[in-house]
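Have a look at the structure below, then the notes.
Whatever order the structure lists them in is the order used to number ligands and atoms, beginning at 1.
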Amino acid sequence: MPILVVAAGTMVAGPGKTDSRLWGENYIPNTVVRTQDGNSVRFYDDLIKGKIVIISFIYTSCTDICPLTTARLSQLEDKLGDAVGRDVFMISMTVDPKRDTPARLKEFSSAFQTGPGWTFVTGDADDIRAINYKFGDRSEILSEHRNEIVLGNDATGEWQRDSAFGDLNRLVMTIRGMDPKWRDQVRPPATDAATATALAMSNQPGQALFKKICAPCHTIGVGDRVGPDLRGVTARRDRAWLSSFIQDPAKLRAAHDPDAMALVERFPAVRMPAMGVARQDAADLMAFIDGETARLREAQGPDMPVRGDGGHAHHHH
Ligand code: HEC
């Protein structure tokens with residue numbers, strides 16, 4: 001932790017500040033690890049050296065809030081656009097290397113449609129633990145892994161912690177700002193379109209919550225993403241079922257609810273997390289989805305049929 005406080009303080013310092021090189025090749029292990037494509041790479045030399053990186057700590061069997069971290073980072077990847085894989089590299093370290101094989105990481109990353117600038121890393125359990133430990137991820141208990149991310153520029157030696165749950169536009173600025181070349185350029189002030197839209201529509205109950213914790217995985221009317229397109233879901237599902245599913249999908253799965261199990265089969269790679277949504281929030285979210293569906297129906301005609309197997313799921317009863 002103290003290291004990070006010092007590193008954050010060096011953010012404004014120019015190049016040549018040698019004491020900011022607290023991390024780097026003598027600190028970060030250079031052991032051989034495996035990527036989601038099954039390639040063997042050297043951790044420091046191939047993934048970190050000379051690069052600006054965004055590092056997260058995940059495990060694919062997490063039923064808790066953590067898949068939301070990956071979903072938010074996937075939105076960040078979209079916002080960073082072409083810079084990912086060129087100026088900035090994303091790394092997701094598993095904290096469960098025994099279960100998270102390269103194949104499992106591949107399935108997981110594909111569900112989030114991650115691009116080539118984003119590497120998922122596993123390997124020998126002791127090696128992976130040693131790497132995560134160096135980045136401050138020190139819990140032995142899987143469910144305790146925090147949703148913090150680590151940002152670093154190995155070339156300048158600047159490292160800091162951040163969160164995937166704050167404002168993503170702000171995070172984009174922080175990340176771009178780690179590049180000294182980018183800092184030196186003069187830019188027009190950013191127009192905050194996202195904030196403007198949020199304000200304009202803030203009287204819609206459920207919308208802000210949907211945008212923050214549902215939209216990273218779901219669209220309404222733009223197709224399946226990590227989870228199913230939610231257009232029309234308030235009409236095709238029983239209201240009480242929907243409310244309990246949104247509040248705690250893990251509970252329905254644990255009870256082997258047939259509809260919840262059919263959804264698991266349709267979306268095998270990632271489980272929707274239980275995010276502590278209260279009953280009233282679930283009601284607001286349903287009202288929002290309902291309103292959006294109605295708005296789309298007016299604009300584009302009747303609901304599209306649910307694609308794939310999902311169309312059959314609700315005919316069983
Ligand atoms: C990390 C990704 C993720 C997040 C975040 C997420 N979901 Fe899901 N959702 C899924 C997946 C995957 C499924 C498929 C079933 C499963 O995982 O159990 C699903 C299924 C659903 C379903 C069932 C759809 C149907 O066709 O019956 C609803 C409703 C739903 N989600 C609503 C929400 C709402 C509302 C939120 C925000 C509070 C949310 N989800 C957040 C991934 C996510």
I'd like to check which ligand 1 atoms, numbered from 1 as shown, lie under 4.0 Å from a non-hydrogen atom of [X].
X      : answer
Val226 : 12 (C)
Pro273 : 1 (C), 3 (C), 4 (C)
Pro228 : 13 (C), 14 (C), 19 (C), 20 (C), 24 (C), 26 (O)
Leu242 : 29 (C)
Leu285 : 38 (C)
Val270 : 12 (C), 17 (O)
Pro67  : 1 (C)

Within the 4.5 Å heavy-atom criterion, are [X] and [Y] side-chain neighbours or not?
X     : Y     : answer
Asp96 : Thr60 : no
Ile91 : Ile48 : yes
Met93 : Phe43 : yes

To check you understand the geometry: which heavy-atom pair defines the closest contact between [X] and [Y], and what is its length?
X      : Y      : result
Val226 : Ala111 : CG2-O, 3.5 Å
Ser92  : Ser56  : OG-OG, 2.9 Å
Gly223 : Asp229 : N-OD2, 2.8 Å

**Message:** So, regarding Cys217 and ligand 1 (criterion: nitrogen or oxygen to nitrogen or oxygen, under 3.5 Å), is there a contact or not?
**Reply:** no

**Message:** Any nitrogen or oxygen of Arg237, side chain or backbone, less than 3.5 Å from one on ligand 1?
**Reply:**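 Among all N and O atoms of Arg237, at least one is under 3.5 Å from an N or O of ligand 1.
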
Does the pair [X]/[Y] count as a salt bridge with the N-to-O cut at 4.0 Å?
X      : Y      : result
Arg295 : Glu298 : no
Asp259 : Arg236 : no
Lys181 : Asp87  : no

**Request:** Answer yes if the side chains of Thr31 and Asp127 hold a donor-acceptor pair under 3.5 Å, and no otherwise.
**Result:**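 There is no such pair between these side chains.
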
Closest protein heavy atom to [atom], given as residue, atom name and distance to 0.1 Å:
atom                    : result
atom 22 (C) of ligand 1 : Phe245 CE2, 3.4 Å
atom 16 (C) of ligand 1 : Arg271 NH2, 3.3 Å
atom 5 (C) of ligand 1  : Ile213 O, 3.1 Å
atom 28 (C) of ligand 1 : Leu230 CD2, 3.6 Å
atom 23 (C) of ligand 1 : Leu263 CD1, 3.6 Å
atom 26 (O) of ligand 1 : Arg236 NH2, 3.0 Å

**Prompt:** Quick one: does Arg34's side chain have a donor or acceptor within less than 3.5 Å of a partner on Pro102's backbone?
**Reply:**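 Absent.
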
**Asked** Under 3.5 Å, is there a donor-acceptor pair between the side chain of Asp290 and the main chain of Met286?
**Response**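 Between the backbone of Met286 and the side chain of Asp290 there is no qualifying donor-acceptor contact (under 3.5 Å).
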
Where does [X] meet ligand 1, judged by heavy-atom distances below 4.0 Å: at the side chain, the backbone, both, or neither?
X      : answer
Ala260 : neither
Phe210 : neither
Cys214 : both

Pick from [options]: the one approaching [atom] most closely through a non-hydrogen atom:
atom                    : options                : value
atom 25 (C) of ligand 1 : Thr70, Ile220, Val233  : Val233
atom 18 (O) of ligand 1 : Met272, Met261, Arg253 : Arg253
atom 11 (C) of ligand 1 : Cys62, Gly227, Pro216  : Gly227
atom 30 (C) of ligand 1 : His218, Glu265, Gln247 : His218

**Request:** Go through the steps to decide whether Lys251 and Asp257 satisfy the test salt bridge (Lys or Arg N to Asp or Glu O under 4.0 Å), and finish with yes or no.
**Result:** CA-CA 9 Å; Lys251 198 164 149 194; Asp257 172 87; over 6 Å; no

